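All remarks here apply to the structure that follows.
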Amino acid sequence: MNDLLYVNGGNPLTGTITVRGAKNFVSKSMVASLLGETPSILRNVPQIRDVKVVSGLLDLHGVNVKYDTDAGILDLDPSNVESAHVADIDAHAGSSRIPILFCGPLLHRLGEAFIPDLGGCRIGDRPINYHLDILRQFGAVVDKRPNGIHLRAPRRLQGTKISLPYPSVGATEQTLLTAVRADGITELTGAAIEPEIMDLIAVLQKMGAIISVDTDRVIRIEGVDRLEGYSHTALNDRIETASWASAALATGGDITVKGATQPEMMTFLNTFRKVGGRFDVQDDGIRFWHAGGDLKSIVLETDVHPGFMTDWQQPLVVALTQATGLSIVHETVYENRFGFTDALRKMGATIQVYKECLGGRDCRFGQRNFHHSAVVSGPTPLSAADIEVPDLRGGFSHLIAALAAKGQSTVRGIGLIDRGYENFQYKLESLGAEVVRG
Ligand code: EPU
């Protein structure tokens, strides 16, 4: 597959596209199928690389995976789950962060698990200390080896009290996927409560789990002896939706995103409106457009749900280069998520990054040498350039910048975007973009 996209930018994107299931839910829900004694069915599954990666890992462990790509339906039969060969698992090293979530289900089913070196976007150190601490608390024995991590459960895992130092999405999912079949009650405080996590809880409840979500980020799980398969339709991808909305704003366009839903987008919609974007919530999607006139600069801080998602930040920053005045963006989830602005500067944007916590409260990264705040001064016309995709969301931001810039840009490393954006080239073309794979 060619990894280059030539983008002839400077034209507004207009038209209608469709988003399907959320990447950051679908992959976890696929892992949950390992916990069931009977087959599961997942609908609204997008054709993205992360789904392929997780399908491959499930297959290695004996899960029979059937994927009807057009219908977006996955059939997952875990009747013959078995230990995979280390060498086979190792072939998946570096491809995604999802393998770490296989631990709990495999420990329940097989008494052991092997996790290769993890991949995922390089937007910070992305440690797994919370995950390993959690698994140890349930009673797993963790053995770090040169090529990965071996875990075993000398006896049935035990429910426990866990307190997260930060509401990590992955660590919350790790707890859920392990606690549902552990012996006794698990109480998780400081949990993440993202909509994708709530949908995972819905899946686990369908399987037979007993989970209650209390106020103040407390989740209680009563372990059960047996779980069945599930049948579920994935919630739609709110990160992809916001990415297309930002593309509409940055290019002066008008995009209707079919499948977009309002409740998960509330915080984004408020910000979109403050910047000067217009939207119309319809029965089957949301229309986003640039109303003409100047866009407004804003002060923005990323946060865990219900705050402004870190994954919405990168695409929106491109639109902020077209807003009048100084915008301040404080990234509080990842310490290193402004690397993508190098390319925007090359294209003419005025963006300065700072180590200080700008714009609001102090965060975990203050005084710690991380460039995690940015000041964007606009509007600045963007000009075409030769740029390289740094990570998934940063990569989509580069695409948006290239689409907004006059002239022909070359965007390299475009394959990374396939990890989380289904058929993005087709969608771009249907919105009137002039793009050609090189
Ligand atoms: N963290 C630790 N130790 C851990 C785990 C996390 O220090 O053991 C820190 C991270 O370094 C980070 C913060 O906690 O600073 C939050 O990380 P979190 O665990 O919440 O992130 P994640 O589960 O690894 C998921 C999504 C990300 C999304 C974040 C936040 C998936 C596969 N990934 O990552 O999505 O940004 O939650 O919402 O669900 C993307 O889709 O492009 C993406 C990066």
Side-chain angles (χ1 to χ4, degrees), residues 19 21-32 46 48-51 53-54 57 95-103 115 118-137 142 149 162-177 188 190-200 217 234-235 237-243 264 267-268 302-315 331-337 339-340 363-366 368 370 372 389-397 416-422:
V19 295
K23 156 183 153 316
N24 291 346
F25 162 76
V26 165
S27 44
K28 327 299 173 59
S29 181
M30 291 171 73
V31 178
I48 52 176
R49 205 165 70 242
D50 271 20
V51 168
V53 169
V54 183
L57 279 165
S95 53
S96 149
R97 294 185 61 74
I98 305 300
I100 190 74
L101 295 176
F102 276 64
C103 293
I115 307 303
L118 299 177
C121 292
R122 288 186 198 88
I123 47 185
D125 261 358
R126 308 196 77 186
I128 52 168
N129 53 329
Y130 302 166
H131 294 258
L132 298 183
D133 287 349
I134 289 166
L135 290 159
R136 284 194 192 98
Q137 268 191 259
V142 178
I149 301 169
I162 295 167
S163 177
L164 288 180
Y166 183 80
S168 152
V169 168
T172 300
E173 292 160 343
Q174 182 75 263
T175 306
L176 288 166
L177 291 166
L188 175 66
I193 50 165
E194 268 60 9
E196 293 75 18
I197 291 177
M198 293 303 132
D199 214 23
L200 181 63
R217 299 190 176 278
L235 88 168
D237 199 310
R238 64 194 173 117
I239 306 177
E240 186 181 352
T241 298
S243 302
E264 294 79 24
T267 307
F268 180 84
T302 65
D303 207 346
V304 292
H305 189 75
F308 189 93
M309 283 190 96
T310 170
D311 306 283
W312 291 335
Q313 177 261 106
Q314 290 159 299
E331 170 61 60
T332 76
V333 180
Y334 290 111
E335 68 273 29
N336 191 14
R337 212 168 194 179
F340 76 103
C363 77
R364 304 174 286 148
F365 308 133
R368 286 185 52 209
F370 298 119
H372 71 293
V389 166
D391 59 75
L392 175 60
R393 309 299 168 193
F396 198 85
S397 309
L416 258 182
I417 298 178
D418 290 320
R419 268 195 55 212
Y421 291 89
E422 182 178 39

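It should be emphasised that the depicted structure is a prediction, and the values quoted were computed from it without experimental measurement. Numbering of ligands and ligand atoms starts at 1, following listing order. Throughout, residue positions are numbered sequentially from 1 according to the sequence presented.
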Where ligand 1 meets [X] - atom numbers and elements under 4.0 angstrom, heavy-atom basis:
X      : result
Arg97  : 24 (O)
Thr310 : 36 (O)
His131 : 8 (O)
Tyr166 : 13 (C), 14 (O), 16 (C)
Gly170 : 19 (O), 23 (O)
Arg337 : 36 (O), 42 (O), 44 (C)
Ile128 : 8 (O)
Leu392 : 42 (O)

- Should Leu200 and Thr172 count as side-chain neighbours, where that means a heavy-atom distance under 4.5 Å? no

- Query: Side chains of Thr241 and Phe268: does their closest heavy-atom pair fall under 4.5 Å?
  - Reply: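 No, every pair of side-chain atoms sits at 4.5 Å or beyond.
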
Below 4.0 Å, non-hydrogen atoms only: which portion of [X] touches ligand 1? Side chain, backbone, both or neither.
X      : result
Val169 : both
Arg364 : side chain
Lys23  : side chain
Asn129 : both
Lys28  : side chain

- Message: Run the side-chain contact (heavy atoms from CB on, under 4.5 Å) test on Met309 and Thr302 for me, step by step, so that the C-alpha distance in whole Å, both residues' side-chain angles and the decisive distance to 0.1 Å come before the verdict.
- Response: CA-CA 6 Å; Met309 283 190 96; Thr302 65; over 6 Å; no

- Among Arg419, Glu194, Glu240, Arg393, closest by heavy atom to atom 42 (O) of ligand 1 is Arg393

- Message: Out of Phe25, Phe365, Tyr130, who is nearest to atom 8 (O) of ligand 1 when you count heavy atoms only?
- Response: Tyr130

- Short side-chain to backbone donor-acceptor contact, Glu194 and His305, under 3.5 Å: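 Side chain of Glu194 to backbone of His305: a pair is present.
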
Which pair of non-hydrogen atoms, one from [X] and one from [Y], has the smallest distance, and what is that distance?
X      : Y      : answer
Arg217 : Pro167 : NH1-CB, 3.9 Å
Ile100 : His131 : CG1-ND1, 3.7 Å
Val31  : Phe102 : CG2-CE1, 3.6 Å

- So is there a nitrogen or oxygen of Glu335 less than 3.5 Å from a nitrogen or oxygen in ligand 1?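 N/O-N/O distance under 3.5 Å: no.
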
- Message: Evaluate Ile239 for polar contact with ligand 1, using N/O atom pairs at a separation under 3.5 Å.
- Response: no

- Taking the six-membered ring for Trp, are His372 and Phe365 parallel (under 30°), tilted (30 to 60°) or perpendicular (over 60°)? perpendicular

- Is the shortest distance from a Lys or Arg side-chain nitrogen in Glu331 or Arg337 to a carboxylate oxygen in the other one below 4.0 Å?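 Judged by the 4.0 Å cut-off on N to carboxylate O distance, Glu331 and Arg337 do not form a salt bridge.
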
- Inspect the contact between Arg238 and Glu196 and indicate whether a charged nitrogen and a carboxylate oxygen are less than 4.0 angstrom apart.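 Salt bridge: yes.
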
- Contact check, Gly420 vs ligand 1, heavy-atom distance below 4.0 Å: no

- To the nearest 0.5 Å, atom OG1 of Thr175 lies from atom CG of Leu164 at 5.5 Å

